[in-house]
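On a predicted model such as this, the values are computed, not experimentally measured, just so you know.
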Amino acid sequence: MSKEYNVAILGATGAVGRRMIDQLAKSTIPVKSVKLLASSRSAGTHLKFRDQDLVVEETTPDSFDGVDLVLSSAGGSVSKKFLPEAVKRGAVCVDNTSAFRMDEDVPLVVPEVNPEALKNHHGIIANPNCSTIQMVMALEPVRRKFGLKQIIVSTYQAASGAGQAAIDELKKESQDYLDGKDMQEDAKILPTKGDKKHYPLAFNLLPQIDVLEDSGYSHEEWKMIHETKKIMLNDMNSKDIKVTATCVRVPVPIAHGESVYFTVEDESATAQDIMDVIADFPGDVLQDDIKNQIYPQPINAEGSRDTFVGRIRPDYENPGAFNMWVVSDNLLKGAAWNTVENAEYLVKMGLI
């Protein structure tokens with residue numbers, strides 16, 4: 001008889017946490033029990049797992065007694081406080097925050113891209129940033145077949161990347177705009193909650209995601225650069241692939257878009273070659289039919305686990321260079337599903 005696992009979901013009441021519950025219910029993981037954990041403010045909330053009615057509990061170190069697997073998306077400070085406690089009690093944790101991503105001894109994993117990294121875990125596996133996940137999903141088959149020299153990405157990131165409150169803020173601002181009211185008083189979260197100024201997102205674009213650093217880059221841009229290198233090359237500072245990013249928040253509720261310009265080592269590669277390897281890669285869906293105006297759109301990607309790729313075309317000015325457009329549901333493949341999928345791989349590989 002196969003082993004069954006006691007699972008805890010940390011941050012269960014958040015936008016990602018609720019989707020983790022749903023994705024776990026649909027997964028291949030043999031679940032013996034599920035414990036839902038959150039802050040004292042959310043304790044007592046009732047949520048469903050399959051046909052079970054579960055009560056959310058306040059998180060304490062003892063919450064992890066007897067737990068085999070923790071799926072976490074409760075914020076970096078919460079992960080840093082509680083996941084080491086879970087590991088001490090014998091659990092393996094998959095964390096969907098930035099808390100451990102750049103730790104040398106913590107694997108940063110997209111299962112279709114670098115599953116072998118899971119073998120090196122010491123109790124914690126990190127989920128990459130949502131925008132990084134969909135980009136490496138689109139580019140990994142290209143890298144394997146033709147090599148990668150350079151990546152230049154511009155993101156068009158949905159409000160949900162900043163949580164449910166940002167979606168609610170976008171909706172309120174949109175209605176105020178349509179009613180001829182001032183939107184500024186509704187702007188309390190974006191571009192980033194912890195910064196000094198806040199701006200409306202509705203009918204606007206914000207070229208700042210996360211805090212702006214002294215380098216001139218936002219921390220989101222820094223994450224995309226260094227996470228990509230850690231995932232693909234197992235070295236966050238590698239020079240073997242040059243990566244740069246510009247990250248922009250757009251007035252879309254769910255699903256990020258990315259314009260990706262990349263250069264391959266094999267200059268004989270054609271756009272059709274690129275399309276073919278992407279179409280064959282697990283988790284990627286090619287939507288590239290320009291004659292019929294078929295290309296990825298956030299409104300169609302919402303609710304899907306897949307990464308959608310289209311508008312693949314060569315840069316005729318530079319041999320070996322191409323453009324593509326990538327869209328994925330940032331709350332599923334970019335967060336909840338990638339977390340649960342990592343756990344599925346841990347089970348399949350006998351690493352938990």
Side-chain angles (χ1 to χ4, degrees), residues 16 72-73 75-80 95-110 113-114 117 124-140 143 148-163 166 189-199 201 205-250 256-263 307 324 326 328 330-331 333-335 338-339:
V16 173
S72 171
S73 189
S77 61
V78 176
S79 290
K80 285 183 177 179
D95 183 43
N96 184 54
T97 76
S98 60
F100 303 101
R101 287 176 186 158
M102 292 296 105
D103 287 13
E104 285 188 10
D105 62 346
V106 175
L108 184 67
V109 183
V110 179
V113 177
N114 62 329
I124 298 175
I125 295 93
N127 225 36
N129 191 36
C130 48
S131 49
T132 305
I133 290 173
Q134 68 186 68
M135 186 175 76
V136 299
M137 280 291 297
L139 286 175
E140 178 61 12
R143 186 188 73 85
L148 270 179
K149 293 166 63 177
Q150 186 173 23
I151 304 166
I152 302 172
V153 59
S154 297
T155 71
Y156 302 70
Q157 293 179 232
S160 54
I189 295 173
L190 298 172
T192 184
K193 193 172 183 180
D195 221 335
K196 305 176 194 71
K197 293 183 179 180
H198 299 102
Y199 301 111
L201 180 60
L205 300 171
L206 297 174
Q208 178 190 353
I209 300 177
D210 213 324
V211 295
L212 294 168
E213 301 179 339
D214 291 341
S215 64
Y217 283 78
S218 69
H219 193 54
E220 184 84 356
E221 292 158 352
W222 184 93
K223 285 186 282 189
M224 287 201 75
I225 292 165
H226 294 286
E227 288 181 16
T228 299
K229 295 182 178 195
K230 183 174 179 180
I231 294 163
M232 288 185 162
L233 304 169
N234 199 33
D235 178 359
M236 63 176 281
N237 295 308
S238 175
K239 302 298 183 185
D240 291 344
I241 300 176
K242 297 177 181 178
V243 186
T244 192
T246 299
C247 295
V248 181
R249 188 77 71 190
V250 300
H256 294 344
E258 295 176 351
S259 172
V260 184
Y261 179 90
F262 60 97
T263 306
T307 300
M324 66 165 60
V326 184
S328 191
N330 57 295
L331 299 178
K333 183 53 184 169
N338 200 76
T339 303

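- Here the shortest heavy-atom pairing between Val106 and Lys230 reads O-NZ, 2.9 Å.
- At least one donor-acceptor pair closer than 3.5 Å links the side chain of Glu221 to the backbone N or O of Cys247.
- Rounding to the nearest 0.5 Å gives a distance of 4.0 Å between OG of Ser73 and CG of Asn96.
- For the residue pair Phe100 and Lys80, the shortest heavy atom distance occurs at CZ-CA, 3.9 Å.
- Counting only distance, with no hydrogens or angles, the side chain of His198 and the backbone of Lys193 share a donor-acceptor pair below 3.5 Å.
- Other residues, nucleotides and ligands contribute at most 12 non-hydrogen atoms within 6.0 Å of the OH atom of Tyr217.
- Side-chain contact of Ser131 with Thr155: a donor-acceptor pair under 3.5 Å is absent, judged by distance alone.
- For His219, the ring pair (Phe, Tyr, Trp, His ring centres under 6.0 Å) partners are Trp222, not counting sequence neighbours.
- Among all heavy-atom pairs drawn from Val250 and Leu201, the shortest one is O-CD2, 3.5 Å.
- With hydrogens and angles ignored, the 3.5 Å screen pairs a side-chain donor or acceptor of Gln134 with a backbone N or O of Val326.
- Between atom OH of residue Tyr156 and atom CD of residue Glu258 there is a gap of 10.5 Å, rounded to the nearest 0.5 Å.
- In this structure, Lys229 NZ and Thr132 OG1 are separated by 12.5 Å, a value rounded to the nearest 0.5 Å.
- Applying the 6.0 Å contact sphere to CG of Asn234 captures no more than 12 heavy atoms from other residues, nucleotides or ligands.
- Proximity of a side-chain donor or acceptor of Asn129 to a complementary backbone N or O of Met224 within less than 3.5 Å is not detected.
- With hydrogens and angles disregarded, no donor-acceptor distance shorter than 3.5 Å links the side chain of Asp210 to the backbone of Ser218.
- When all heavy atoms are compared, the tightest approach of Gly76 to Ala99 is O-CB, 3.6 Å.
- Using a 4.5 Å cut-off on side-chain heavy atoms (C-beta onward), Ile231 and Pro128 make contact.
- With hydrogens and angles ignored, the 3.5 Å screen pairs a side-chain donor or acceptor of Asn338 with a backbone N or O of Val109.
- Put simply, the side chain of Gln150 does not reach to within 4.5 Å of the side chain of Thr244, judged on heavy atoms.
- A distance of 11.5 Å separates NZ of Lys223 from CG of Leu108, quoted to the nearest 0.5 Å.
- Going from atom CG of Asp240 over to atom CG of Leu148 covers 11.5 Å, rounded to the nearest 0.5 Å.
- Among Leu233, Thr228, Thr263, the one residue that satisfies the side-chain contact (heavy atoms from CB on, under 4.5 Å) test with Ile241 is Leu233.
- With no hydrogens or angles considered, a side-chain donor-acceptor pair links Asp95 and Ser72 at under 3.5 Å.
- Minimum interatomic distance between Gly334 and Ile133 (heavy atoms only, all atoms of both residues): O-CD1, 3.6 Å.
- Expressed to the nearest 0.5 Å, how far OH of Tyr199 lies from CG of Leu206 amounts to 9.0 Å.
- Listed by first then second residue, pairs satisfying salt bridge (charged side-chain N to carboxylate O under 4.0 Å, His left out) with a partner in residues 97-107 read Arg101-Glu227, not counting sequence neighbours.
- With hydrogens and angles ignored, the 3.5 Å screen pairs no side-chain donor or acceptor of Arg249 with any backbone N or O of Pro207.
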